[in-house]
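See structure below.
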Amino acid sequence: MKKKILITATELNLVQFWVAHIENLIKSGCTVDIVCSDVGGKLSELKARLQSCGNPQITVVDLKRSPLSPHNIRGAAQMKRYLNGRDYDLILTNEPVMGMVTRFAASKKRRSGCKVIYFAHGFHFWRGAPALNWMLFYPLEKLASYFTDAIVTMNREDFELAKKSFGSAEIKYIHGIGVNLSKFKFSKEIREKKRKELGVGEDDVMIFSANELTKRKNVFLALEAVKLLVSGGMTNIKYFIRGQGPLQKEMQEYINNNKLQKNVFLLGYGKDIAEMDSAADVFLFTSKQEGLPVAVMEAMAQELPCVVSDIRGVTDLIQNGSGGYVCRLKDAKGFADAVKRVISEGGRGSNLTRGNSQKLADYEISSVSRSIINILQEI
């Protein structure tokens, strides 16, 4: 497939998800250009990583993630000027603000044969979402769908919603945007080394979470569940959280006030997620909203049992008795009981997790890259 392609997204999205796919598109004979916004300070990292895959041209526009930001007016004008002077066979766009601005700006290009494809990593409206999300984002996505040739969804709930609501575009489904799971293989040697480093004994039960310390990640529910376990007699619980965010100080106060200093540890940011997954006995994931959580897939790849929220995207990966257990969002006791159940059923490598490798095969980056190429050829 030899086409001229434009990809638009924030630089964070490109760094996290698109570098390998860009390399694959270039290898298949395509010319790839990029328009991105700079919202997370990762522009230099993006440029460095793209040097190894053909060094595509990068143009930066002044767009923000918030749809209400005044910067978006200038960013939209920049996008329109950019497209007026160039021709593409395909435009691949991502994220709500960037996706809408790109699709509206590309309306004339579509009339000349250019195809516009929107990759929905997770709609900002979902079953149980705040009414404001539905009032703000749903009408905009509905309008933008008329300027779109195809919408590619990454979880079953979004796929069904898009088929029902956005019939003006073709609706496609892929298994996420691709994860390199080869780095997430269980190692007994790493497990022993990491547990020793963390001060976790053989008889301790290690629970691990990898997420931002934010309201969306529902971190206080996780603390409540661990508090119930400890107060119920499981004083050998060691709960480690790898991540940072605005709630860190408040969480530490909760830990201190509830005398959980020997049980809960806020580790901050780190690049040892694979090692932590090897060391842990249970992966705890209490998030309120996800598209398709990479952290859960990384834990699954190591056959680490997962106790997760009953939300969109997560339930594509985990069902009760398959990979772990699913709990209601506000049910701290339910999460605590699920952790106990995982421990009693044998944990890692038990029947609970033996189907993980087969389930994850479709989510591997090589498999998703093939799916993306197939979709582009169809469109």
Verify same cluster id: L46, L63 (apolar side-chain graph, 4.5 Å): no
Considering all heavy atoms, the nearest V97-S66 contact: CG2-C, 3.9 Å
Candidates K109, R110, K172 - the one meeting salt bridge (Lys or Arg N to Asp or Glu O under 4.0 Å) with D149: R110
S209 to L284 - nearest heavy-atom pair and separation: OG-O, 2.6 Å
For the student: nearest non-hydrogen atoms of Y88 and I5, plus distance: CD2-C, 3.7 Å
Test: K217 and E290 ion pair at under 4.0 Å: yes
K288 side chain reached by I311 side chain, heavy atoms, under 4.5 Å: no
Between S145 and S168, a side-chain donor and acceptor under 3.5 Å: yes
T93 side chain vs A9 backbone, donor-acceptor pair below 3.5 Å: no
Whether R328 side chain and G334 backbone form a donor-acceptor pair below 3.5 Å: no
Ring centroid separation Y173 to H175 under 6.0 Å: yes
Whether over 12 other heavy atoms sit under 6.0 Å from Q261 CD: yes
Trace of the side-chain contact (heavy atoms from CB on, under 4.5 Å) decision for F220 with L247: CA-CA 9 Å; F220 280 98; L247 296 182; 4.1 Å; yes
Main-chain N/O of A210 paired with R242 side-chain donor or acceptor, under 3.5 Å: no
Residue pair H71 / D62, side-chain donor-acceptor N/O under 3.5 Å: yes
Parallel, tilted or perpendicular: ring planes of W134 versus Y138, cut at 30 and 60 degrees: tilted
Main-chain N/O of R312 paired to T315 side chain as donor or acceptor, under 3.5 Å: no
Geometric class of the F123/F125 ring pair [parallel <30°, tilted 30-60°, perpendicular >60°]: parallel
S369 side-chain N/O to S366 backbone N/O, donor-acceptor pair under 3.5 Å: no
Distance-only side-chain donor-acceptor flag, N256 / Q252, under 3.5 Å: yes
Lys NZ or Arg CZ of R86 over Y82 ring: under 6.0 Å, within 45°: yes
Polar contact flag, side-chain donor to acceptor under 3.5 angstrom, N351-R354: yes
Distance-minimising heavy-atom pair for L329 and F335: O-CE1, 4.4 Å
Shortest non-hydrogen contact between S278 and I190, atoms and distance: CB-CG2, 4.1 Å
Salt-bridge present (K4, D87; N to O < 4.0 Å): no
Expected output: side-chain N263 to main-chain T235 donor-acceptor under 3.5 Å: yes
ILVMFWY cluster, L266 and L229 together (side-chain gap under 4.5 Å): yes
Side chain proximity check, L292 to Y363, heavy atoms < 4.5 angstrom: yes
Option from K163, K164, R127 for which salt bridge (Lys or Arg N to Asp or Glu O under 4.0 Å) with E157 holds: R127
Over 12 foreign heavy atoms within 6.0 Å of CD, E189: no
Pairwise side-chain contact, T286 with V307, heavy-atom cut-off 4.5 Å (strictly under): no
T353 side chain to P305 backbone, donor-acceptor under 3.5 Å: no
Under 3.5 Å donor-acceptor, N356 side chain and M300 backbone: yes
Short side-chain to backbone donor-acceptor contact, R216 and Q289, under 3.5 Å: yes
Within-4.5 Å side-chain heavy-atom neighbours: I343 and M234: yes
Selection residues 218-229 - residue pairs positive for side chain to side chain donor-acceptor pair (under 3.5 Å), sequence neighbours left out: K227-N258
Min side-chain heavy-atom separation I174-F119 under 4.5 Å: yes
Flag, side chain of E303 to backbone of F186, donor-acceptor distance under 3.5 Å: no
Connected via hydrophobic side-chain network under 4.5 Å: L317 and V342: no
Nearest-0.5 Å distance that lies between atom OG1 in T31 and atom CG in L6: 12.0 Å
NZ/NE/NH1/NH2 to OD/OE distance under 4.0 Å, E141 and R103: yes
Cationic N near anionic O, under 4.0 Å, E23 to K27: yes
Minimal non-hydrogen separation, N72 against K64, with atom names: OD1-N, 2.8 Å
Test log, rule side-chain contact (heavy atoms from CB on, under 4.5 Å), inputs E345 and Y325: CA-CA 12 Å; E345 292 181 3; Y325 289 97; 2.8 Å; yes
Distance, nearest 0.5 Å, that separates CD of E45 from CD of E11: 9.0 Å
K196 atom NZ, neighbour heavy-atom count above 12 within 6.0 Å: no
Side-chain touch L83/M79, heavy atoms, less than 4.5 angstrom: yes
Distance, nearest 0.5 Å, that separates OH of Y269 from CG of L213: 14.0 Å
Straight-line distance of E250 CD to K215 NZ, nearest 0.5 Å: 8.0 Å
I73, CD1 atom: more than 12 neighbouring heavy atoms under 6.0 Å: no
Transitive ILVMFWY side-chain link V61 to I34, under 4.5 Å: no
Test: R195 and D281 ion pair at under 4.0 Å: yes
Validation row: W18, L92 side chains within 4.5 angstrom (heavy atoms): yes
From CA spacing to verdict: side-chain contact (heavy atoms from CB on, under 4.5 Å), L223, L260: CA-CA 9 Å; L223 294 182; L260 294 172; 5.6 Å; no
Stepwise side-chain contact (heavy atoms from CB on, under 4.5 Å) test for I91 and D89: CA-CA 7 Å; I91 297 176; D89 299 302; over 6 Å; no
Sub-4.5 Å side-chain heavy-atom contact between M98 and R65: no
Inter-residue atom distance L376.CG - I379.CD1, 0.5 Å rounding: 8.0 Å
Euclidean distance, K238 NZ relative to D204 CG, rounded to 0.5 Å: 5.0 Å
Linked, directly or transitively: F208 and L221 (ILVMFWY side chains, under 4.5 Å): no
Contacts of type salt bridge (Lys or Arg N to Asp or Glu O under 4.0 Å), residue K340, not counting sequence neighbours: D337
